[in-house]
Amino acid sequence: MKIDMNKRDSVIRMTGINPRTCMKCGKCSATCPSFDEMEYHPHQFISLVEAGRVDELMASESLYNCLACMACLERCPRGVEPAKFVEAVRNLKLREHGGNHLAPEAIPEMLDADLPQQAIVSAFRKYSK
Amino acid sequence: MQIEKKPLIVAFCCNWCSYAGADLAGTNRLNYPANVKIIRVPCSCRVNPLFILKAFQRGADGVIICGCHPGDCHYTTGNYYARRRITLLFSMLSYLGIEKNRVRLEWVSAAEGAKFAATMQSFAEEIAELGECKRLEDLRCKK
Amino acid sequence: MQRIGVFVCHCGTNIAGTVDVKTVAEMLGKEPGVVFSTDYQYMCSEAGQTLIQDAIKEHNLGGVVICSCSPRMHEQTFRKACAKAGLNPYMVEVANIREQCSWIHKDVAEGTEKAVILGRAAIAKVHLNAPLTAGESPVVKRALVIGGGIAGMQTALDIADAGFEVDIVEKNATIGGKMAQIDKTFPTLDCSACILTPKMVDCAQHEKINIYAYSEVEDVKGFVGNFSVAIRKKARYVDETKCTGCGICTEKCPVKNIPNEFNMGMDNRRSIYIPFAQAVPKIATIDPNTCNKLKTGKCGVCSKVCGAGAIDYTQKDEIIRREYGAIVVATGFNMIDMTKFDEFGYAQSKDVITSLEFERLTNAAGPTGGTLLRPSDGKHPHTIVFVQCCGSRSTTENGKPYCSKICCMYTAKHAMLTREKYPDTDVYVFYIDVRTPGKNFDEFYRRAVEQYGVHYVKGMVGKVAPRADGTLHVQASDLLAGEQLHIDADLVVLAGAIEPDKSARGLATKLTASMDTNDFFTEAHPKLRPVESPTAGVFLSGVCQGPKDIPETVAQAGAAASKVIGLLVKDKLTCNPCVAQSDELLCNGCSGCEHVCPYGAITYETKEFMQFDRSMKPRRVASVNPAVCQGCGACTVTCPSGAMDLKGFSNRQIMAEVDAICK
């Protein structure tokens, strides 16, 4: 279990949100539509970032399973906005050399006709940084 | 060598919290420098920033205002007014060329005798380090 | 210049141990204006006081400085002693040379020097002291209680039992408040109506209590002991003196589809209605917004069926002005609007209800006669989900940042009662924290879990979605198991946050009582004066001050009553003479002082002033009501023209002290 306070601080700087405002009610994870796909659930993102365990999150597929639907952000009673934390950790990963999960050029090939428009938009939001 | 003069400190204490805190410091025999002289005011909001400037004019080297903790004011909101006024005074002081550290606003409750003594001790030390305040001193006031 | 006497106390060795009292007396004796200076073993003793009194007479002293212990200790003693000798008590100043000198310093030279300086400061102040007389104001021996819920009723009963007249102003057609709507009370599970309705009857029958139901406070003037309150008695269109409360009109009225507020809109009432069977006063009221006769002039059924001839369509609002010595605020609470929370689906499904609606559903006098049935189809629900903290502890704009305090317990009560009455139901309670501080509270909650088999799940409900088959899909997290739960529920009960009644904000302005950011009334001191508002003569009872359960509300109501009684037994109130005073000649009418005054003691009036050419010209000037002013001095610093000053702590007095210290 690696604790990296520098990474924690960068995530907090990127989100602009103090993870300590979280009261651990779990409403984010209750709302999350891809809960079952995610190894780390939205509320765990907050707790792990707060504890400085950002590396575990960066290594997890959960970063890409998040749909960026922003339901957790919308529902959070304390304004913690977990989606922003997922996004920030993902950015941290992207900024590492060779850390990009997908190249934007690779996306059109993966599209099929059944894919909802919203998913394509969020895919671009997520991968085309 | 100049003879070292002890700096003079005026403390405005609100009647309900800080003055009682000062009494408690006394009751517990907690020592703090004798050059701190306390003036009792009903509330920290009674302290006009002009009193502070005048104190400097009359030769005080440091002024400390003590009030109830935010939210505990006997008059509900007095210490909030004091806080705003002193904040404004700080910018005025730097304009006048007086070190900001010569004025301090502290919250001391009636139960915090130890805090009162410690605050006065640290403030007196700080003022001693800054030395005499000549900037505003008006010799005409000294007679 | 005053003729001043200085009295230095040894306090045994408490002062004399580290301060050379003889030198202090001698040094202060040389100060300008000091005509007499002495020291004595114990100034506060009988002999010491006599010494002071003799000196006042002998030397014709105009001011007295006592160098002794803290003024918080003996200032009153010395003031009284001097008053007996004919000196104005406010011509006495105490220099604190014990707590702030002898006790904290060990070196005699240092202590003596400081004592002299402190003495000088006191002398400088006394020179500028002016004789002050404490004003007196009479006390009207009647109290007003605003709000007729359990808090207001209990306060009124306690005050009335002490022999004082009390008026209750209640905005609804009946007193009783929220407690009348509740089915059972935790943790004893006794029936709410059974303990409340006798109190309502007591209020109605008490010879000292006068109930103004269906009335509101219009405006408040005056100050502690002398409030003058205008009460708007809204038109009921029913003559109170004639109506017998038989209820025939409420059965015959043709307008049948008005949502019944008492049952949270889950059934209907008529346009003319009596809120519930045990209403006090039991008088019918016509709802002017829905009555055909009042709207179109065509109907008049109620008037025809009324045997007592009580219906009066021409009735008008009536304004009553009454005098009171004290005002108790007991305006209570409401549940916040749950329709703003889309995720809980309150607006989408009839089967998502609030806890208060659940109370009515389980109450024998409720819309279902006490059988728990789904509002949508009237079927018995088999899976019930309770959601706690709906809007409480939420910093978002729809929620409330505080804990509503009562929800944990009433949810445990609902869950327990449901399981007891309908053992075939599955009951889930989603919680963030279970907060059960209180006598027998945690035991109660644990009993719900252990004996009644309620499923308590740590986590929050994220989404409630109505399905086509009428069930509710509840998506929630179980944080301890690390899972997301999907429950098919028949009924979802939301424990919504409670907020102060909407009328409280306007009332606070009328009373100049302060409120916090959540519109709860603030107390004079959070620990030591919890039932008094910072505004003198205004007291707080019940949830208007902060979330409370019934036992706490009743306790606070009693406390507020005892404070009111303590005020009303006095024939006259002595005012603090150290109050602000405005110099009308300097006042420029800016209203700055009026805005900072936490008590509303400053008002502006227009007065005529003579100009240089001897003509008279009107000008707006501040005037301070000495009975209301508490003497904090906030206005004195705010005043840009220096017109406002504080008696006893005037600008010149404080400056004189600064001068004396800095000399």
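The basis for the numbers below is simple: all heavy atoms, side chains too, and nothing from hydrogens, waters or symmetry mates. Just so we're on the same page: letters track the sequence lines, and every chain starts at 1.
Taken from OG in A:Ser29 to CD in C:Glu483, the straight-line distance is 12.5 Å, to the nearest 0.5 Å. Here the SG-CG distance, from A:Cys25 to C:Asp433, works out to 9.5 Å after rounding to the nearest 0.5 Å.
Residues of residues 33-48 of chain A having a heavy atom under 4.5 Å from any heavy atom of chain C, listed by number: A:Phe35, A:His41, A:His43.
With contacts defined as side-chain heavy-atom distances shorter than 4.5 Å, the pair A:Pro77/C:Arg393 does not qualify. With a 4.5 Å cut-off on side-chain heavy atoms, A:Thr31 and C:Glu343 do not count as touching.
Per-residue heavy-atom pair counts under 4.5 Å with chain A were compared for C:Lys458, C:Lys463, C:Gln475, and the maximum is reached by C:Gln475. Among the candidates C:Gly391, C:Gly482, C:Gly459, C:Gly462, the residue making the largest number of heavy-atom pairs closer than 4.5 Å to chain A is C:Gly462.
Each of A:Lys27, A:Lys24, A:Arg75 was evaluated against C:Met460; a single residue qualifies, A:Lys27, per the side-chain contact (heavy atoms from CB on, under 4.5 Å) test.
By the neighbour-count criterion of 12 heavy atoms within 6.0 Å, atom NZ of C:Lys350 is sparsely surrounded, having that number or fewer from other residues, nucleotides or ligands. For C:Arg446, the CZ atom sits in a packed shell: over 12 heavy atoms of surrounding residues, nucleotides or ligands are nearer than 6.0 Å. Other residues, nucleotides and ligands contribute only 12 or fewer heavy atoms inside 6.0 Å of the CD atom of C:Glu397.
Residue A:Cys72: no heavy atom, backbone or side chain, is found under 4.5 Å from chain C.
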Between C:Thr395 and A:Arg78, does a side chain to side chain contact (heavy atoms under 4.5 Å, CB included) hold up when you go through it step by step?
-> CA-CA 5 Å; C:Thr395 49; A:Arg78 309 290 298 182; 3.9 Å; yes
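A pairwise comparison of heavy atoms in C:Val461 and A:Ala30 identifies C-CB, 4.0 Å as the closest pair.
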